[in-house]
There are 2 protein chains.
Amino acid sequence: MNTTTMQITLQTIAEPNRFNIVELLKKGPRSVNEIVMALNIGQPQVSRHLRILSETGIVRSRTKGQMRIYSLEAQPFQDLDAWFDSFSVLWEERLDNFEDYMIDILRKEDK
Amino acid sequence: MNTTTMQITLQTIAEPNRFNIVELLKKGPRSVNEIVMALNIGQPQVSRHLRILSETGIVRSRTKGQMRIYSLEAQPFQDLDAWFDSFSVLWEERLDNFEDYMIDILRKEDK
DNA sequence: CCTTAATATACACTTAAACATATATACGTG
DNA sequence: CACGTATATATGTTTAAGTGTATATTAAGG
């Protein structure tokens, strides 16, 4: 759950096509061909994106005959889920952060 | 909460320096100079990243004299938090997705 | 084995985006 | 209004990453 790993995960799934692959795989495992047909890019591109997703541990693949079935791994999403949870202070806190900041600035100016 | 907007938010905060800015601002509002000193990049770069963060609605700025104080907006993070919550099926579900998929495949082969 | 289907890799090309540097703007203060 | 501080913008350059096309690999079936 270190931030470097999370940052890499973030960068990886931020790419539009990989984002779409992730959204598709959320519904369940899919073969490469199924992914190709769902997206609007070529097969080599899909394979390449799957490799990147695989190398960062976001997906895994299992072999079923001549097909490879890709599915999402839980861990990276669990980490990101936890990270985004930590931002809940933004909408849960009553007091205005900006005011806090101003008070702090003024205090420093005083001395 | 449409996925296109979220995708843009994702892409925006995935960039390493902007990721760092976001992590810093999570602690509270900061002036541009404070951000420059916290990060290891030049002032023009910080201003540029802040502009991008601003244009995508991730931060807002308020003017305090000659300084501009940047702070995080809640909405984009709320959206992403909700999105990542939706992945909890990955670690909450008992049954193995792969097995499901296989059963489905076999069913199709039957007919 | 030979062929086909499914998937992966190699490579040249293009482009988006970050960076460094220089310069502009805006505001406060004497 | 002149000067310093804080921040923003403009521009040329570099580089990372996606794309398209061609080709390689792997497995199944006759």
Side-chain angles (χ1 to χ4, degrees), chain A residues 4 7-22 24-25 29-56 58-71 98 101-102 104-106 108-110, chain B residues 4 7-22 24-25 29-56 58-71 98 101-102 104-106 108-110:
Chain A
T4 307
Q7 214 177 310
I8 291 169
T9 307
L10 256 192
Q11 280 190 100
T12 306
I13 66 177
E15 199 279 329
N17 291 309
R18 289 192 291 264
F19 181 91
N20 289 333
I21 291 175
V22 165
L24 179 63
L25 292 185
R30 295 282 188 279
S31 73
V32 176
N33 233 324
E34 288 177 306
I35 299 171
V36 169
M37 294 196 292
L39 273 67
N40 240 354
I41 55 179
Q43 176 268 314
Q45 281 70 40
V46 168
S47 279
R48 197 177 179 283
H49 285 306
L50 286 171
R51 182 142 98 91
I52 293 168
L53 287 166
S54 196
E55 283 169 352
T56 53
I58 296 168
V59 303
R60 70 174 294 190
S61 71
R62 315 203 210 186
T63 302
K64 162 72 183 173
Q66 27 187 354
M67 300 194 299
R68 303 226 182 144
I69 311 303
Y70 283 84
S71 57
F98 182 70
Y101 184 86
M102 287 295 80
D104 202 47
I105 288 287
L106 293 172
K108 279 173 186 158
E109 279 171 355
D110 269 354
Chain B
T4 307
Q7 215 178 310
I8 290 169
T9 307
L10 257 193
Q11 281 191 98
T12 305
I13 67 178
E15 198 281 329
N17 291 309
R18 288 193 291 264
F19 180 91
N20 290 333
I21 291 175
V22 164
L24 179 63
L25 292 185
R30 295 283 187 278
S31 73
V32 176
N33 232 324
E34 287 177 306
I35 298 171
V36 169
M37 294 197 292
L39 274 65
N40 240 354
I41 55 178
Q43 176 268 313
Q45 281 70 40
V46 169
S47 279
R48 196 177 181 284
H49 285 306
L50 286 172
R51 182 143 97 92
I52 293 167
L53 288 166
S54 197
E55 283 170 351
T56 52
I58 295 168
V59 303
R60 68 174 294 189
S61 72
R62 315 201 211 188
T63 303
K64 163 70 184 176
Q66 26 188 353
M67 299 195 298
R68 303 225 183 146
I69 313 303
Y70 283 84
S71 57
F98 183 69
Y101 185 83
M102 286 295 82
D104 201 46
I105 288 288
L106 293 173
K108 280 174 186 156
E109 280 170 356
D110 268 353

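To find a chain, count down the sequence lines: A is the first, B the second, and so on, and within it residues start at 1. Nothing here was measured: the structure is a model prediction, and the numbers come from that model.
A sub-4.0 Å separation between OP1 or OP2 of D:dA6 and a side-chain N or O of B:Tyr70 is absent.
Within the model, atoms OH of B:Tyr70 and CD1 of B:Ile58 stand 13.0 Å from one another, a figure rounded to the nearest 0.5 Å. Summarising the geometry, atom OG belonging to A:Ser31 is positioned 7.0 Å from atom CE belonging to A:Met37; distances are rounded to the nearest 0.5 Å. Atom CG of B:Asn17 sits about 6.0 Å away from atom CG of B:Leu39, to the nearest 0.5 Å. Here CE of A:Met67 is found 13.5 Å from CZ of A:Arg62. Values are rounded to the nearest 0.5 Å.
Residue A:Leu24 comes nearest to A:Ala38 through the heavy atom pair CD2-CB, 3.7 Å, listed as atom of the first residue, atom of the second, then distance. For the pair B:Gln11 and A:Pro16, the tightest heavy-atom approach, listed with the atom from each and the gap, is OE1-CD, 4.0 Å.
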Table of protein N/O atoms under 3.5 Å from nucleotides 26-30 of chain D N/O atoms:
none

Atom pairs, protein N/O to nucleotides 13-20 of chain D N/O, distance under 3.5 Å:
from	atom 1	to	atom 2	distance (Å)
D:dG18	OP1	A:Arg18	NH1	3.0
D:dG18	OP1	A:Arg18	NH2	2.8
D:dG18	OP2	A:Arg48	NH1	3.1
D:dT19	OP1	A:Asn17	ND2	2.9
D:dT19	OP2	A:His49	NE2	3.0
D:dG20	N7	A:Gln45	NE2	2.4

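Going from atom CZ of B:Arg30 over to atom C1' of D:dA6 covers 17 Å, rounded to whole Å.
Under the side-chain hydrogen bond (donor to acceptor under 3.5 Å, both in side chains) criterion, B:Glu55 pairs with B:Arg51, not counting sequence neighbours. Applying the side-chain hydrogen bond (donor to acceptor under 3.5 Å, both in side chains) rule to A:Thr9 yields no partners; only residues at least two apart in sequence or on another chain are considered.
A 4.0 Å heavy-atom criterion places the boundary nucleotides of DNA chain C facing chain B at C:dA18 to C:dG28, written 5' to 3'.
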List, one per line, each side-chain donor-acceptor pair under 3.5 Å for residues 42-49 of chain B, sequence neighbours excluded.
from	atom 1	to	atom 2	distance (Å)
B:Gln43	NE2	B:Ser47	OG	3.1
B:His49	ND1	B:Arg18	NH1	3.1

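Residues B:Leu25 and B:Ile35 form a side-chain contact, since some pair of their non-hydrogen atoms from C-beta on lies under 4.5 Å apart.
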